[in-house]
Amino acid sequence: MKTIDAEILKKMYISGANNLYNHYPEIDRLNVFPVPDGDTGMNMNLTFTSGMKEIQNRNDDNVYDLAKAFSGGLLMGARGNSGVITSQIFRGFAEGLKGKKKATIEDLIGAFKSAKEVAYKAVMKPVEGTILTVIRESSEALCALKKVPNSVEDLMDILLEESKKSLDHTPELLPVLKDVGVVDSGGTGLWRIFEGMNSAAHGKMVERIENVETSGSEVPTLEQQEVALYAGAQLSEDEEGYGYCTQFILRIGKPEDGKKPFDEKKFRRFLATHGKSLVLVRDDDIVKVHVHTLTPGNMLNYAQNFGEFVTITIENMSEEHHNIENGRTATDMAGNIADAKKKAAEEAAAAEAKGPKAKFGIIAVSSGEGLDEIFKELGANVIVSGGQTMNPSTQDFIEAIKKCHAENVYILPNNSNIVMASSQACEVFDEDDTVARVVPSTTIPQGISALMMFNPEGEPDDVYNDMKAALKSVKSGSVTYAIKDTDIDGVHITKDYYMAMMDKKIVNCVKEKNDALKELVASMVDEDCTVLTVYAGSDVSEEEAAAINEELVSEYGDDMDIDVKMGNQPVYSFLVGIE
């Protein structure tokens, strides 16, 4: 075929989504830490599923409208770095089809080129050897063709071949992967999407496999899994540790208001020169910015020359990022600004019925009845279910912000993998009389400590700063079971044994969970500690918790206040907080 219409494109998206779903467990296993976790494959799968929900009941008569709707769904459902970058790729693909009723072979080449450009534009410091490399090299290969392919099928064959070639080359670009030949997990997910799209282009839809977890997908060696883990850790350090994460929404002003004319290219160039990881989106008179900088004040002073701020958020990244896998998140939600405004208008009447907005609202991410109750007792207004194996989406947080019905909303993500989605929700939320901000707690103990510092009588900025400062006073640990045999940091990990971890560093791995807890507490306690709190998981009975409390009081009760609470959380037998 020489062109594709909206119906064919929809089939290609569906087939790509199904193929990703069929392979997401093996993508997870490419870089899995030896604890139960969702990781890259799951995040990409859930992100793509969100896009599919957006278009499943649509019957568009042009490819652009369909591609734009699909992109919007991806953006709202994006989870994790891999999911957000995937959303940027398909946002660029949609932009490349703007104004098209049908897409020719040349149009598709341009759309894949646009996909690469938008993804790289969103990530100011691209890390090669990742999903970004796969979209760049495969799209560049299409643009470099001396002769336009005879059919869409031929084009997709070339795209699939070039993306696989690029994927296989990723270990050469990341030496930490090269040691055992592991390929990038995010790039693998993108290649699987292209594989499914290619199959549909040839008239063969990929169907979802029932019980995909047991479908016999090839599993990387334990050595490969370990190396991939450290690749992710390396990328996290390279990409996230840079000054202050500065985010703001600017409403462009007019000369009569004393504002300078806004030139997007010059504006972008200034921010990029004075910061890193820049994401900038403009929608009419609204400009949304995300940038990492050592001097946020300079950024804000410059921006105010062109308009007035709707929202501003500045966060010290050394306190909020620990476990990013690869690349830099793209917080671009331009495709959904209009949707957010529309939904806000539709709910305005309902909001008025609730009466005037409260001064403060608190959102806490939690998993487990006991933890839910603890957060509620401390003042959380809305609980978002989530955690290690359940990463809430951007949309989940937007809905939670609305439920708070407050002028100032603070979100406690309580997991390093959830900070980005919650921050993205704050960016896209568009009600002038509500300011939503993230208190970047990465553990449950941090979240509880921050909430204990909440002062409902304080000024919004002071309250936010006090809650954020409380994160520094907490040391966090956890005990969970190992899902594989391996060796990490000199500790031998035995499948189904219990690991004790302090700030993501494995302390021990032993047969009994109570022994793991004892060694963990011993490694965390020092002379400055005054409070020890343990949250027992769903696999711990109240009798066991009481016995553990007695043992800890006997050992440390003279120097610290000890409290063992029933958190009933899954995955983790114990969560430990020490102040």
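All values below were derived from every heavy atom in this structure, side-chain atoms included, with hydrogens, water molecules and symmetry-related copies excluded.
- Atom-to-atom distance recorded for Met42:CE and Asn45:CG is 6.5 Å, nearest 0.5 angstrom.
- A side-chain donor-acceptor contact under 3.5 Å links Asn62 and Asp65.
- There is no side-chain donor-acceptor pair under 3.5 Å between Glu172 and His169.
- With hydrogens and angles disregarded, no donor-acceptor distance shorter than 3.5 Å links the side chain of Thr47 to the backbone of Leu74.
- Taken from CE in Met156 to CD in Glu161, the straight-line distance is 13.0 Å, to the nearest 0.5 Å.
- Considering only heavy atoms from C-beta on, Ile401 comes within 4.5 Å of Ile363 through its side chain.
- To the nearest 0.5 Å, atoms OG (Ser139) and CD (Glu117) are separated by 8.0 Å.
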Q: With salt bridge (Lys or Arg N to Asp or Glu O under 4.0 Å) as the test, would you mind laying out the steps for Arg58 and Asp60 before giving the verdict?
A: CA-CA 6 Å; Arg58 294 177 66 99; Asp60 297 281; 2.8 Å; yes
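- For Ser422 (side chain) and Val438 (main-chain N/O), no donor-acceptor pair under 3.5 Å exists by modelled atom type.
- The existence of a salt bridge linking Lys147 and Asp154 is excluded, since no basic side-chain nitrogen approaches an acidic carboxylate oxygen closer than 4.0 Å.
- A pairwise comparison of heavy atoms in Ala6 and Val63 identifies N-CG1, 3.5 Å as the closest pair.
- Ile286 places a side-chain heavy atom less than 4.5 Å from the side chain of Ile249.
- Here the side chain of Tyr120 pairs a donor or acceptor atom with the backbone of Leu132 at under 3.5 angstrom.
- In this structure, OG1 in Thr133 is found 7.5 Å from CG in Asp184, a value given to the nearest 0.5 Å.
- With hydrogens and angles ignored, the 3.5 Å screen pairs a side-chain donor or acceptor of Ser15 with a backbone N or O of Val206.
- Looking at heavy atoms from C-beta onward, Ile411 lies in side-chain contact with Phe397 at the 4.5 angstrom threshold.
- Between Lys259 and Lys254 the shortest side-chain heavy-atom distance does not fall below 4.5 Å.
- Between Asn415 and Thr442 there is no side-chain heavy-atom pair separated by less than 4.5 Å.
- A donor-acceptor contact under 3.5 angstrom links the side chains of Ser393 and Asp396, judged on distance only.
- Separation of the Tyr302 and Phe267 ring centroids falls under the 6.0 Å cut-off.
- Minimum interatomic distance between Met76 and Ile398 (heavy atoms only, all atoms of both residues): CE-CD1, 3.1 Å.
- You'll find the ring centres of Phe48 and Phe70 inside the 6.0 Å limit.
- Exactly one of Tyr64, Phe112, Phe194 qualifies for a ring-ring contact (aromatic ring centres under 6.0 Å, His included) with Phe93. That residue is Phe112.
- Across Val291 and Met299, no two heavy atoms sit closer than the pair CG2-CE, 3.9 Å.
- Heavy atoms only, all atoms of each residue included: Val384 and Ala400 are closest at CG2-CB, 3.7 Å.
- Salt bridge Lys403/Glu399: absent, no basic N to carboxylate O contact under 4.0 Å.
- Side-chain atoms of Glu153 come within 3.5 Å of backbone N or O of Met1 as a donor-acceptor pair.
- Closest heavy-atom contact between Gly41 and Asp28: N-OD1, 2.8 Å.
- Taken to the nearest 0.5 Å, the OG1 atom of Thr188 stands 4.0 Å off from the CG atom of Leu167.
- Here the side chains of Arg437 and Val409 are not in contact, with every heavy-atom distance at 4.5 Å or above.
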Q: Please test Asp107 against Lys100 for salt bridge (Lys or Arg N to Asp or Glu O under 4.0 Å), starting from the C-alpha separation and ending with a verdict.
A: CA-CA 8 Å; Asp107 292 335; Lys100 305 295 181 182; 3.5 Å; yes
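- With sequence neighbours excluded, the residues that form a side chain to side chain contact (heavy atoms under 4.5 Å, CB included) with Asp433 are Lys357, Glu431.
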Q: Would you sort out whether Leu66 and Ile55 count as a side chain to side chain contact (heavy atoms under 4.5 Å, CB included), showing the intermediate values?
A: CA-CA 7 Å; Leu66 180 75; Ile55 67 171; 3.9 Å; yes
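- Of the N and O atoms on the side chains of Arg192 and Asn19, not one donor lies less than 3.5 Å from an acceptor on the other residue.
- Counting only distance, with no hydrogens or angles, the side chain of Asn22 and the backbone of Ile209 share a donor-acceptor pair below 3.5 Å.
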Q: Go through Lys165 and Glu162 one step at a time and tell me if the salt bridge (Lys or Arg N to Asp or Glu O under 4.0 Å) criterion holds.
A: CA-CA 5 Å; Lys165 187 186 303 182; Glu162 293 296 335; 3.5 Å; yes
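- Taken to the nearest 0.5 Å, the NZ atom of Lys101 stands 11.5 Å off from the OG1 atom of Thr3.
- Judged purely by distance below 3.5 Å, without hydrogens or angles, the side chains of Ser166 and Glu137 pair a donor atom with an acceptor atom.
- Listed here is the closest heavy atom pair of Gly96 and Ser114: N-OG, 3.6 Å.
- The shortest distance between side-chain heavy atoms of Trp191 and Leu160 falls below 4.5 Å.
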Q. Are Ile89 and Ile131 close enough, and set up right, to give a side chain to side chain contact (heavy atoms under 4.5 Å, CB included), and what steps lead you there?
A. CA-CA 10 Å; Ile89 290 171; Ile131 185 175; 4.1 Å; yes
